[in-house]
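In what follows, a structure is listed as structure tokens, so that the remarks can point back to it.
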Amino acid sequence: MKRLLALSALVASGALCLGFAANQMLKPAPAAQAATSLAAASAPVTTGSIATTTTPTLPPLPQANAPAPAIVVAQTRASLPALPPIPPVGATTPPAAGVSQAAHALPGGAMQNGATPLAATPVFAPAAPVPLPSSYRSMDVDGPYIAITFDDGPNPETTPKLLKILEARNIKATFFMLGTNAAAYPDVVRAVAAGGNEIGNHSWNHPQLPKLTLAAADKQIEDTSAAIEASTGKKPLYLRPPYGAMTPTLQQHLVQKYGITMIFWSVDPLDWKIRDAQSIYDQVMKQVRPGAIILAHDIHATTVAAMPRVLDALIAKGYKFVTVSELIAMNKPGAPKVVAALAPATPKKKTRPAPKPGATPANATRPANNVNVGLY
């Protein structure tokens, strides 16, 4: 009987184990169970005659700092494009292949997508300074301005008289002095400068500079400039070559070495040759134009005697006197001519007086290398 009971208990225990195992096998998988739960939760709930739908319950989100699986990280890195190397400071980055530089460039030199801007090319290169001409004969001006110049002085007798004539008319002139005279009469040099007149270099003793050696020509310029500077404290800026004799090679040398500018002339009354006041007047009035540089000589009494009439006639025609420096500052190549704006000269019957005793014949030749002959 006891054996029968034990056997029955054993059978019952086995049956219970088999039932538990079968029950576990019949349970759905977790994913299926979640889907079933979601479906069940989404199933309409009937309350009377109204059917409602419940909000599904979403699975919990992963934690913010939860590390991603290693395989996901590797795949993400593999999918990213390779970054270009960082260029050194100051280097430029060329545009990407297939993209023109114009597509990258933005106004102001910036680049799209933060790319390094390309080196900017200036629109206008800085203009080189334009050198001033190294010589002048006249100027193109837009007004009735002229410059009157006097050569070969100073002379202790005639130059002071001329200064009074200029001062009475408030005229500033330019004096091209010989070094020998400037050194001999420093008081006259200072008087010329004190009157607001300009002083230029006319060589030491009036030679034809191109006929000298280069060293001798340099000495002519240097000694004269030194004599003028000793009296005025200023070196001359301008040189009038004696006789107007100059060569391109010598001119280039003197300009480069001394920074000096050659001043020639456009009006020549030949007062050194025909020492007659009427002739000086006629020639000046015939040749003068706006922007003209008038040549005369302050060492001749006939020239000084002619100046009051010459200057008054030019003023009456509307001309205004300036120094050579001021005339150069007014120079405007291509300026319109203003001759028509000037007052017409009063017509006069020309009468040529008989030559005075001792006057130089009109066909006289120019003696050379004489400091007191009144040449150019």
Side-chain angles (χ1 to χ4, degrees), residues 136-139 145-178 181-182 185 188-189 191-192 195-203 206 236 238-244 262-317 319-327 359-360 362 364 366 370-376:
Y136 294 94
R137 296 186 181 274
S138 64
M139 311 295 164
Y145 299 99
I146 56 176
I148 189 164
T149 65
F150 298 95
D151 288 10
D152 294 350
N155 181 290
E157 296 181 3
T158 55
T159 303
K161 293 179 181 179
L162 178 61
L163 290 177
K164 292 180 180 180
I165 295 171
L166 297 174
E167 183 180 6
R169 293 158 177 79
N170 195 27
I171 292 175
K172 311 302 180 186
T174 302
F175 290 75
F176 288 97
M177 296 183 177
L178 293 174
N181 290 340
Y185 309 111
V188 183
V189 176
V192 171
N197 301 287
E198 193 166 44
I199 299 178
N201 191 317
H202 195 40
S203 81
H206 213 280
Y238 306 108
L239 168 67
R240 172 162 284 164
Y243 311 98
M262 310 291 158
I263 302 298
F264 298 93
W265 56 87
S266 60
V267 177
D268 182 4
L270 298 176
D271 63 321
W272 63 271
K273 180 179 180 181
I274 306 174
R275 300 184 189 178
D276 176 71
Q278 181 65 44
S279 176
I280 295 170
Y281 172 86
D282 292 340
Q283 291 300 319
V284 170
M285 302 307 294
K286 178 182 178 180
Q287 301 176 38
V288 71
R289 299 288 186 277
I293 299 177
I294 301 173
L295 170 66
H297 298 80
D298 59 315
I299 63 172
H300 298 311
T302 49
T303 299
V304 175
M307 282 301 106
R309 184 184 175 198
V310 169
L311 300 177
D312 290 342
L314 292 173
I315 293 173
K317 289 196 67 175
Y319 284 106
K320 298 179 181 180
F321 292 89
V322 295
T323 64
V324 165
S325 289
E326 292 171 332
L327 195 64
T360 305
R366 304 175 187 174
N370 188 330
V371 299
N372 290 318
V373 296
L375 300 180
Y376 296 105

Min side-chain heavy-atom separation Y238-E198 under 4.5 Å: yes
N197 and L163, any side-chain heavy atoms less than 4.5 Å apart: yes
Salt bridge (charged side-chain N to carboxylate O under 4.0 Å, His left out) partners of R137, counting only residues at least two apart: none
Any side-chain heavy-atom pair of P269 and Y281 under 4.5 Å: no
Reported CG-to-NZ distance for the pair D268 and K273, which is rounded to 0.5 angstrom: 9.5 Å
Any side-chain heavy-atom pair of V189 and M177 under 4.5 Å: yes
Contacts of Y145 that satisfy side-chain hydrogen bond (donor to acceptor under 3.5 Å, both in side chains) - sequence neighbours left out: none
Gap between atom CZ of R169 and atom CG of D312 - 0.5 Å precision: 4.0 Å
Check ion pair K161-D298 (N to O, under 4.0 angstrom): no
side-chain hydrogen bond (donor to acceptor under 3.5 Å, both in side chains) involving Q283 - partner list, sequence neighbours excluded: Q287
Check: T303 and T158 side chains under 4.5 Å, non-hydrogen atoms: no
Distance-minimising heavy-atom pair for P160 and N155: CD-O, 3.3 Å
CA sep, side-chain torsions, deciding dist, call: F321, I148, side chain to side chain contact (heavy atoms under 4.5 Å, CB included): CA-CA 7 Å; F321 292 89; I148 189 164; 4.0 Å; yes
Steps toward side chain to side chain contact (heavy atoms under 4.5 Å, CB included) verdict (S138, W265): CA-CA 6 Å; S138 64; W265 56 87; over 6 Å; no
Partners passing ring pair (Phe, Tyr, Trp, His ring centres under 6.0 Å) against F175 (at least two apart in sequence or in another chain): F150
Donor on one side chain, acceptor on other, R240 and T149, under 3.5 Å: yes
Residue list, side-chain hydrogen bond (donor to acceptor under 3.5 Å, both in side chains) with T323, at least two apart or on another chain: E326
Heavy-atom check, side chain of I199 versus side chain of T174, under 4.5 Å: no
Considering all heavy atoms, the nearest R289-I146 contact: O-CG2, 3.4 Å
Backbone of G195 reached by a side-chain donor or acceptor of K172 within 3.5 Å: yes
Rounded distance [0.5 Å steps], CG in L295 versus CG in L270: 8.5 Å
Minimal non-hydrogen separation, H300 against D271, with atom names: CD2-O, 4.0 Å
D151 and I299: CA distance, side-chain angles, deciding distance, side chain to side chain contact (heavy atoms under 4.5 Å, CB included) verdict: CA-CA 8 Å; D151 288 10; I299 63 172; over 6 Å; no
Closest approach of F264 to G244 (non-hydrogen atoms, all atoms of both residues): CE2-O, 3.6 Å
side-chain hydrogen bond (donor to acceptor under 3.5 Å, both in side chains) partners for S203, two or more places apart: none
Check against side chain to side chain contact (heavy atoms under 4.5 Å, CB included), L239 and I263: CA-CA 6 Å; L239 168 67; I263 302 298; over 6 Å; no
Spacing of K164 atom NZ and T159 atom OG1 [to the nearest 0.5 Å]: 12.5 Å
Under 3.5 Å side-chain donor-acceptor pair for H202 and D152: yes
Check: L311 and L166 side chains under 4.5 Å, non-hydrogen atoms: yes
